[in-house]
Participant: 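Here you go, one structure.
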Amino acid sequence: MRIIFSRKGFDSGSGGGSSPIVDRVPVSLPIPDTKGIARTTYGDLGLAEHVAQASRGAYGTDSLCHHDPMFTPDGRCIFGQVGSAQTHLANNGVRRADVFVFFGRFAGEGQGPHHRIFGYCEVEQVIDLTRCDEAMRSEYAALGHPHALGLHGANDTLYVGPGRMAGRASDALRLTAPGEALSRWVRPKWLRRGDLSFHDADWRWAERGRLIAVSRGQEFVADVGRRKAPREWLARVIAQIHA
């Protein structure tokens with residue numbers, strides 16, 4: 001099994017700020033649409049006020065956004081990837097029964113900018129949008145998923161399965177160590193050098209109990225095989241998301 005730490009939502013480079021924590025709930029702001037394909041606005045998602053504040057007025061009610069990952073009311077997640085990030089997922093063998101753990105940059109309610117987990121997707125189906133039949137692509141286009149509305153690249157792919165967003169900003173879902181820089185994570189005890197893609201450098205693991213996370217990049221893959229400890233960690237994360 002693989003656990004994929006997947007960076008999503010607003011940050012200093014995409015959107016210009018942090019997603020907010022509102023009434024103890026993490027509210028992940030989708031990144032702005034840059035392809036001219038999306039049909040969903042921040043207003044449609046009820047995020048107009050939050051995005052205007054986070055972007056210092058650069059985006060608002062009528063601004064189109066890349067609504068991805070998409071979480072449905074029946075407890076499903078639809079996540080699209082393309083380009084070099086999708087190539088990385090494919091090269092690492094991401095497939096059915098693997099789990100995406102979505103994290104992003106958040107701030108608010110007394111907490112400065114920090115990384116935290118805000119959702120997950122347990123992969124049941126991997127859909128190659130460049131090869132699937134039109135009926136299947138239309139199914140996801142009807143939901144407004146941007147990758148199904150128009151191809152973003154030659155390897156456009158959807159990952160679909162059970163998933164949801166966190167209902168509260170639990171301390172257990174925070175990755176950044178309290179009082180430390182954004183990229184200094186409290187390292188899960190099971191996570192070791194060699195476990196996580198893009199994080200091979202010795203200095204990222206040099207300090208006890210910390211991981212210095214890559215500042216940019218989207219998909220960090222940990223192939224945990226049949227190891228018990230990472231599976232137990234993942235079960236606790238999912239339980240916190242559902243709490």
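Since we're looking at a predicted model, the values are computed, not measured.
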Participant: Return the minimal non-hydrogen interatomic distance between L47 and P30, and the atom names on each side.
Facilitator: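 For L47 and P30, the tightest heavy-atom pair comes out as CD1-CD, 3.7 Å.
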Participant: Could you tell me if the side chain of R168 sits less than 4.5 Å from the side chain of L173, heavy atoms only?
Facilitator: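 They are not in contact (no side-chain heavy atoms under 4.5 Å apart), so the answer is no.
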Participant: Check whether any side-chain N or O of H199 sits under 3.5 Å from a backbone N or O of G194 as a donor-acceptor pair, and report yes or no.
Facilitator: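 Not a single qualifying donor-acceptor pair exists.
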Participant: For the hydrophobic clusters of this structure (ILVMFWY residues joined by side-chain heavy atoms under 4.5 Å, transitively), does one cluster hold both F10 and V22?
Facilitator: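 Same hydrophobic cluster.
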Participant: Determine whether the aromatic ring centres of H145 and Y140 lie less than 6.0 Å apart.
Facilitator: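 Ring-ring flag for H145/Y140: false, centres at least 6.0 Å apart.
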Participant: Which distance, rounded to the nearest 0.5 Å, do you find between the CZ of F103 and the NE2 of H115?
Facilitator: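 So the gap between those two atoms works out to 5.5 Å.
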Participant: Does Q125, at its CD atom, have more than 12 non-hydrogen atoms belonging to other residues, nucleotides or ligands within less than 6.0 Å?
Facilitator: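 Atom CD in Q125 is crowded, with more than 12 foreign heavy atoms closer than 6.0 Å.
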Participant: What residue among N155, T157, N92 forms side chain to side chain donor-acceptor pair (under 3.5 Å) with T87?
Facilitator: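 Of the listed residues N155, T157, N92, the side chain to side chain donor-acceptor pair (under 3.5 Å) partner of T87 is N155.
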Participant: Verify whether the ring centers belonging to Y159 and F100 lie closer than 6.0 Å.
Facilitator: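 Between F100 and Y159, which both carry aromatic rings, the centre distance is below 6.0 Å.
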Participant: Is there a side-chain contact between V224 and W190, using heavy atoms and a 4.5 Å cut-off?
Facilitator: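 Touching, per the 4.5 Å side-chain cut-off.
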Participant: Return the CG to CG distance between L182 and L175, rounded to the nearest 0.5 Å.
Facilitator: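 Those atoms lie 10.0 Å apart.
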Participant: With salt bridge (charged side-chain N to carboxylate O under 4.0 Å, His left out) as the criterion, how do E207 and R184 come out once you've worked through the C-alpha distance, each side chain's angles and the decisive distance to 0.1 Å?
Facilitator: CA-CA 10 Å; E207 186 176 348; R184 290 173 58 83; 2.7 Å; yes
Participant: If two hydrophobic side chains count as joined below 4.5 Å and joins carry through other members, does F220 share a cluster with L211?
Facilitator: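 Yes, same cluster.
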Participant: For side chain to side chain contact (heavy atoms under 4.5 Å, CB included), just list the numbers for T61 and Y42, CA-CA rounded to whole Å, side-chain angles, deciding distance to a tenth of an Å, and then say yes or no.
Facilitator: CA-CA 5 Å; T61 300; Y42 290 107; over 6 Å; no
Participant: Is the shortest distance from a Lys or Arg side-chain nitrogen in D200 or R193 to a carboxylate oxygen in the other one below 4.0 Å?
Facilitator: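 Result for this pair is no, no salt bridge flagged.
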Participant: Please check if W233 and M1 belong to a single hydrophobic cluster, counting links between Ile, Leu, Val, Met, Phe, Trp and Tyr side chain heavy atoms closer than 4.5 Å.
Facilitator: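 W233 clusters together with M1.
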Participant: I'd like to know whether V99 forms a side chain to side chain contact (heavy atoms under 4.5 Å, CB included) with V123, so could you lay out the CA-CA distance, the side-chain angles of the two residues, the decisive distance to 0.1 Å, and finally the verdict.
Facilitator: CA-CA 6 Å; V99 180; V123 181; over 6 Å; no
Participant: Indicate, with yes or no, if the rings of H66 and H147 have centres closer together than 6.0 Å.
Facilitator: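 Ring centres of H147 and H66 closer than 6.0 Å.
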Participant: Could you see if L191 belongs to whatever hydrophobic cluster contains L234? Use Ile, Leu, Val, Met, Phe, Trp, Tyr and a side-chain cutoff under 4.5 Å.
Facilitator: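 Linked, L191 and L234 end up in one cluster.
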Participant: Ignoring hydrogens and geometry, is there a side-chain-to-backbone donor-acceptor pair from D33 to C65 under 3.5 Å?
Facilitator: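 Checked: no pair found.
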Participant: Crowded around E49 CD? As in, over 12 foreign heavy atoms under 6.0 Å?
Facilitator: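 No, the 6.0 Å shell around CD holds no more than 12 heavy atoms from other groups.
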Participant: Can you tell me if S55 uses its side chain to pair, donor with acceptor, with the backbone of Y59 under 3.5 Å?
Facilitator: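 Between the backbone of Y59 and the side chain of S55 there is a qualifying donor-acceptor contact (under 3.5 Å).
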Participant: Of all the heavy-atom pairs spanning D156 and G150, show the shortest one and how long it is.
Facilitator: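 Minimum heavy-atom separation between D156 and G150: OD2-O, 4.1 Å.
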Participant: Answer yes or no: is there an ion pair linking E122 with R96, defined by an N-O contact shorter than 4.0 Å?
Facilitator: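 Between R96 and E122 there is no salt bridge, as every charged N stays at least 4.0 Å from the carboxylate O atoms.
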Participant: On a heavy-atom basis, which atom in E219 and which in H88 lie closest, and how many Å separate them?
Facilitator: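 That closest heavy-atom pairing would be O-CD2, 3.3 Å.
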Participant: If Ile, Leu, Val, Met, Phe, Trp and Tyr residues are connected whenever their side-chain heavy atoms lie under 4.5 Å apart, and connections chain through other members, are V27 and F118 in the same group?
Facilitator: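 Different hydrophobic clusters.
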Participant: Where do I4 and D98 come nearest, in terms of heavy atoms and distance?
Facilitator: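 Heavy atoms of I4 and D98 come nearest at CD1-CB, 4.1 Å.
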Participant: Check this for me: R227, atom CZ, are more than 12 non-hydrogen atoms of other residues, nucleotides or ligands nearer than 6.0 Å?
Facilitator: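 Yes, CZ of R227 has more than 12 neighbouring heavy atoms, counting only those of other groups under 6.0 Å.
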Participant: Measure the spacing between NE2 of H114 and OG of S18 and express it to the nearest 0.5 Å.
Facilitator: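 Atom-to-atom, H114:NE2 and S18:OG are 8.5 Å apart.
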Participant: Is the number of heavy atoms from other residues, nucleotides or ligands within 6.0 Å of CG (D171) greater than 12?
Facilitator: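 No, because the 6.0 Å sphere around CG of D171 holds 12 heavy atoms or fewer from other groups.
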Participant: Regarding D195 and R192, does a basic nitrogen lie under 4.0 Å from an acidic carboxylate oxygen?
Facilitator: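 Looking at R192 together with D195, the answer is yes, because their closest N to O distance falls below 4.0 Å.
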Participant: Between R105 and D11, does any NZ, NE, NH1 or NH2 come within less than 4.0 Å of an OD or OE carboxylate oxygen?
Facilitator: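 No salt bridge links D11 with R105.
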Participant: I'd like to know if the side chain of E109 reaches the main chain of R24, judged simply by a donor and an acceptor atom lying under 3.5 Å from each other, with no hydrogens or angles considered.
Facilitator: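 Yes, E109 side chain to R24 backbone: donor-acceptor pair under 3.5 Å.
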Participant: Which distance, rounded to the nearest 0.5 Å, do you find between the CE of M136 and the CD of E139?
Facilitator: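 Here the rounded value is 6.5 Å.
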Participant: Rounded to the nearest 0.5 Å, how far apart are CD1 of I21 and CZ of R116?
Facilitator: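 Interatomic distance, I21 CD1 to R116 CZ, rounded to 0.5 Å: 4.5 Å.
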Participant: Drop me the distance from I117's CD1 to S28's OG, to the nearest 0.5 angstrom.
Facilitator: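 So the gap between those two atoms works out to 13.0 Å.
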Participant: Please tell me whether F102 and F5 form a close aromatic pair, meaning their ring centres lie under 6.0 Å apart.
Facilitator: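 No, the ring centres sit 6.0 Å or more apart.
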Participant: Can you establish whether the number of heavy atoms outside D133 located under 6.0 Å from its atom CG is more than 12?
Facilitator: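 Counting neighbours around CG of D133, more than 12 heavy atoms of other residues, nucleotides or ligands fall under 6.0 Å, so yes.
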Participant: Of the non-hydrogen atoms in T41 and D62, which two are nearest, and what is the gap between them?
Facilitator: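 Answer, listing the atom of T41 first, then D62: CG2-O, 3.7 Å.
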Participant: Could you tell me whether R210 and E180 make a salt bridge, using a distance below 4.0 angstrom between a side-chain N and a carboxylate O?
Facilitator: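 Yes, R210 and E180 are salt-bridged.
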Participant: Answer yes or no: is there an ion pair linking R76 with E124, defined by an N-O contact shorter than 4.0 Å?
Facilitator: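 Looking at R76 and E124, the cut-off is met.
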Participant: Should we count CZ of R39 as having more than 12 external heavy atoms under 6.0 Å?
Facilitator: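 12 or below, so no.
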Participant: Which heavy atom of H67 sits nearest to which heavy atom of P146, and what is that distance?
Facilitator: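 Heavy atoms of H67 and P146 come nearest at O-CD, 3.5 Å.
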